[in-house]
Amino acid sequence: MSDVKNPKVRFAPSPTGQLHLGSARTALFNYLYAKHHDGTFYLRIEDTDKARSKQEYVEQICSSLEWLGIKWDGEPLFQSTRLNEYHDVVLTLLENNSAYRCFCSKDALETARVGGSYQYPGTCRNLSEEDIKLHMNSGEGFVVRLRVPEGETHFDDMIYGAVHVKHEEIDDFIIARSDGQPTYNLVVVVDDHEMEITHIIRGEDHISNTPKQILIYTAMGYAVPKFAHLPMILGQDKKRLSKRHGAPGVQEFKNEGYLPDALLNYLALLGWNPGSDEEIFTLDELIALFEMSHVHKKSAVYDEQKLSWISGQHMVRLGTAKILEGIHAINADWGQGFETNYLYAILEQLKQRSKSLRDFIDQSSYFFTDPQSYDEKSSRKNWKNVATSQIINVYKKRLESIEQWDANVIESTLRMTAEENDISAGKLIHPTRLALSGVSNGPSLFILMAILGKDVCIRRLNKALEIFPLQS
RNA sequence: GGCUCGUUCGUCUAGGGGUUAGGACGCCGCCCUCUCAAGGCGGUAACACGGGUUCGAUUCCCGUACGGGCUACCA
């Protein structure tokens, strides 16, 4: 289908914050593209902004990627370790006349900016050797700018198609700051060349950097890689997704109890479609199906409800052992002191009712401790008077004599009791559920009772018989 | 402001010169049922607008509107 072989891609976050949804999707698409084509997925930490980069963010980003199951190949490359290489490239560019020193002060340029033009006026573009020496000798600071030639640059974006940019629209941009530090555009090119990256897959916000980078590739005589720019993810207000949309970092999704595969699944569907009506996929399935040609340019709005649904779908498909593992990852105490089989039985029942791992925790308290309170509405509705207490008492007595404690027996006993007393089964089921769980919803009552066990059921019924009806 | 990209149900999307414009989430209803879910069935809801081109445009072209991106000695 595709003639791409063993591509090398990279995900290059800057450690100035934790991994966000948008970045996570960029990482995902890089990963999917690489793995689909038997390629390599590298991680590069863009930590040249010393003021904003933090080690703790490096760790957070890495652990988020690990949690997601996006595994990078080899060791991460840290740009902060490659300052010498960048410096050498700047010198080469200076030597081959592709770049030049600019002695204009920042303030001077700032005040020179008028109207709609933000471009560098080219003051130092053609300084003579003597002028340069003069400036240098007087100890003036300088930046290095790329000498952008006349003409235009074009490239074929895998998603955007043909992009043409006239050079008049490109500034003689800075590649080295006055403190000698290289800038983003320079650094990216040097590393992508060094790492032999074949496909640069990144957010649409980088599209205008691309011609600048191509200019550097060309000036250095490097082969130009292929580019794919991904559409943005927006919040409900159609603004670029950010913290204030309540969709912060990947870390939060983990804490909320989302499954990594579910998050990945949802993210993949933002801007890409599998070419069928299927919507639920594991990571491996996404790898197999991923095609860059199915990625479109339109930005997508993040929708937590759909994420939640997808999460629920994954939950149902997941084995109980995996679920237990996941729950313990966010709450190691859950179910402590109870047998694993007991926990499995609970999870099996709660699966259909849980969208996240948190839901299991939130819904399962009555499996471990007797209800401390009873749903008020249900109390009023389902255990109104002493008549209910009397019939519950009858049922309880019969339960006490059951030898074979299983759901079928529990159920037939209840139905028999109801029938003999000429009431509907529901009249007995609802108060019993209330007495046992304290709430009015949950798994089938008889399965619930079978799981809880005879002793617990009798104990809780006795307690409820003391309390209900609340007031008469 | 300049450059640029986009616009199909509220949202994610399929489609593409002639279709009852398809699917999914959500929402509503029904079925199932001991509740809540899950599941099944059905319903609600869209081609931004104006001009062309054409026998015929939602689909192609041009404008307008609206939205996104970029416009740093950040990455």
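Throughout, a chain's letter reflects where its sequence line sits, starting with A, and its residues are numbered from 1.
Put simply, CD1 on Ile423(A) is 13 Å from C1' on rC34(B), counting in whole angstrom units. Whole-Å rounding puts the Arg44(A) CZ to rA75(B) C1' distance at 11 Å. Rounded to whole angstrom, the span from the NE2 atom of His296(A) across to the C1' atom of rG68(B) amounts to 14 Å. Atom pair Asp359(A):CG and rA37(B):C1' shows a separation of 11 Å (rounding to whole Å applied). Distance, Phe446(A) CZ to rU33(B) P: 13 Å, rounded to whole Å. Atom-to-atom, CH2 of Trp309(A) to P of rG39(B) comes out at 8 Å; the value is rounded to the nearest Å. Summarising the geometry, the separation between OH on Tyr302(A) and P on rG67(B) is reported as 24 Å, rounded to the nearest angstrom. Atom CG of Asp237(A) and atom C1' of rG10(B) are 14 Å apart (whole Å).
Contact annotation for Lys381(A): no contact, since no heavy-atom pair falls under 4.0 Å across all strands. The residue Pro13(A) sits apart from the nucleic acid: no heavy atom pair falls under 4.0 Å. Within 4.0 Å (heavy atoms only), Val143(A) reaches at least one base atom of the nucleic acid. The residue Gly271(A) sits close only to the backbone: its heavy atoms come under 4.0 Å of sugar-phosphate atoms, none of a base. Within 4.0 Å (heavy atoms only), Ala300(A) reaches sugar-phosphate atoms of the nucleic acid but no base atom. As judged by a 4.0 angstrom heavy-atom cut-off over every strand, Gly442(A) is placed among the base-contacting residues. As judged by a 4.0 angstrom heavy-atom cut-off over every strand, Glu46(A) is placed among residues touching the sugar-phosphate backbone only.
Nucleotide rC60(B) has rG52(B) as its partner under the Watson-Crick or G-U criteria, with both atom distances under 3.5 Å. Checking rU7(B) for Watson-Crick or G-U wobble geometry (two distances, each under 3.5 Å) identifies rA65(B) as its partner. With a cut-off of 3.5 Å on both pairing distances, rA14(B) has no Watson-Crick or G-U wobble partner at all. Partner assigned to rC47(B) is none, using Watson-Crick or G-U wobble distances below 3.5 angstrom. The partner of rA38(B) cannot be assigned: no Watson-Crick or G-U wobble pair with both contacts below 3.5 Å exists in any strand. For rC70(B), the paired base is rG2(B) (Watson-Crick or G-U wobble, both distances below 3.5 Å). Pair assignment for rU19(B) gives none, since no Watson-Crick or G-U wobble pairing has each distance under 3.5 Å.
Of the charged side-chain nitrogens involved, none lies within less than 4.0 Å of a carboxylate oxygen, so that Glu304(A) and Lys355(A) do not count as a salt-bridged pair. Arg10(A) has a carboxylate O that lies under 4.0 Å from a charged side-chain N of Asp192(A), or vice versa, which qualifies the two as a salt bridge. Ion pairing between Arg240(A) and Asp205(A) holds under the 4.0 Å rule for side-chain N and carboxylate O. Using a cutoff of 4.0 Å between basic side-chain nitrogens and carboxylate oxygens, Asp172(A) and Arg147(A) are not scored as salt-bridged.
For the pair Asn273(A) and rU13(B), the criterion of a side-chain N or O lying under 4.0 Å from OP1 or OP2 is not met. Put simply, Gln313(A) has a side-chain N or O that comes within less than 4.0 Å of OP1 or OP2 on rG39(B). In this model, the phosphate group of rC34(B) is approached by a side-chain N or O of Arg415(A) to a distance below 4.0 Å at OP1 or OP2. Taking only side-chain nitrogens and oxygens, Lys297(A) comes nearer than 4.0 Å to OP1 or OP2 of rG6(B). Close to rU11(B), at under 4.0 Å from its OP1 or OP2, lies a side-chain N or O of Lys238(A). Considering only side-chain N and O atoms, His229(A) lies nowhere under 4.0 angstrom from the phosphate OP1 or OP2 of rC5(B). Applying the 4.0 Å criterion to OP1 and OP2 of rG68(B), one finds that Lys239(A) has a side-chain N or O inside that range. Listed pair Ser378(A) / rU35(B) fails the phosphate criterion, with no side-chain N or O lying under 4.0 Å from OP1 or OP2. Taking only side-chain nitrogens and oxygens, Arg240(A) comes nearer than 4.0 Å to OP1 or OP2 of rC70(B).
Comparing atom distances between the Tyr184(A) side chain and each of rA75(B), rA24(B), rU35(B) picks out rA75(B) as nearest. Out of rA75(B), rU35(B), rC12(B), the shortest distance to the side chain of Leu269(A) is found at rC12(B). Listed candidates were rC5(B), rG69(B), rG26(B). Nearest to the side chain of Tyr160(A) is rC5(B). Distances from the side chain of Glu279(A) to the nucleotides rG69(B), rA24(B), rC25(B) place rA24(B) closest. In this structure, the nucleotide among rA38(B), rC34(B), rG10(B) sitting nearest to the side chain of Gln352(A) is rA38(B). The side chain of Asn441(A) lies closest to rC36(B) when the candidates are rU11(B), rC36(B), rC34(B).
Within a 6.0 Å sphere centred on CD of Glu376(A), heavy atoms belonging to other residues, nucleotides or ligands number 12 at most. Environment of CD in Glu150(A): sparse, with no more than 12 heavy atoms of neighbouring residues, nucleotides or ligands closer than 6.0 Å. Within 6.0 Å of CD on Glu419(A) lie no more than 12 heavy atoms contributed by other residues, nucleotides or ligands.
Taking atom P in both rA48(B) and rG10(B), the straight-line distance is 11 Å, to the nearest Å. On the P atoms, rG69(B) is 44 Å away from rC30(B), given to the nearest whole Å. The C1' atoms of rG42(B) and rU35(B) are separated by 24 Å, rounded to the nearest whole Å. Taking atom P on both rA72(B) and rA57(B), the two are 45 Å apart, rounded to the nearest angstrom. Comparing the C1' positions of rA75(B) and rU13(B) gives an interatomic distance of 32 Å, to the nearest angstrom. Spacing between rA65(B) and rG29(B) at atom C1', rounded to whole Å, works out to 38 Å. Look at the P atom in both rU11(B) and rC47(B): the space between them is 12 Å, to the nearest Å. Atom name P, nucleotides rC27(B) and rG67(B): the rounded distance is 29 Å, in whole Å.
Rounding to the nearest 0.5 Å places CG of Leu414(A) at 8.0 Å from CG of Leu399(A).
Summary of the strand contacts: Ala176(A) and Leu307(A) both lie near RNA chain B, and taking for each the nucleotide with the nearest heavy atom, the more 5' one is attributed to Leu307(A). Toward the 5' end of RNA chain B, the nearer of the two residues Asn209(A) and Val165(A), judged by each one's closest nucleotide, is Val165(A).
With hydrogens and angles left out, the side chain of Lys306(A) and the base of rA24(B) share a donor-acceptor pair within 3.5 Å. On a pure distance criterion of 3.5 Å, no polar donor-acceptor pair joins the side chain of Thr183(A) and the base of rC73(B). Below the 3.5 angstrom threshold, one finds no donor paired with an acceptor across the side chain of Asp47(A) and the base of rA75(B).
With respect to Phe290(A), the ring pair (Phe, Tyr, Trp, His ring centres under 6.0 Å) criterion is satisfied by exactly one of Phe281(A), Tyr31(A), Phe29(A): Phe29(A).
Ring orientation note: the planes of Tyr374(A) and Phe468(A) are nearly perpendicular, at an angle over 60° on the 30°/60° scale.
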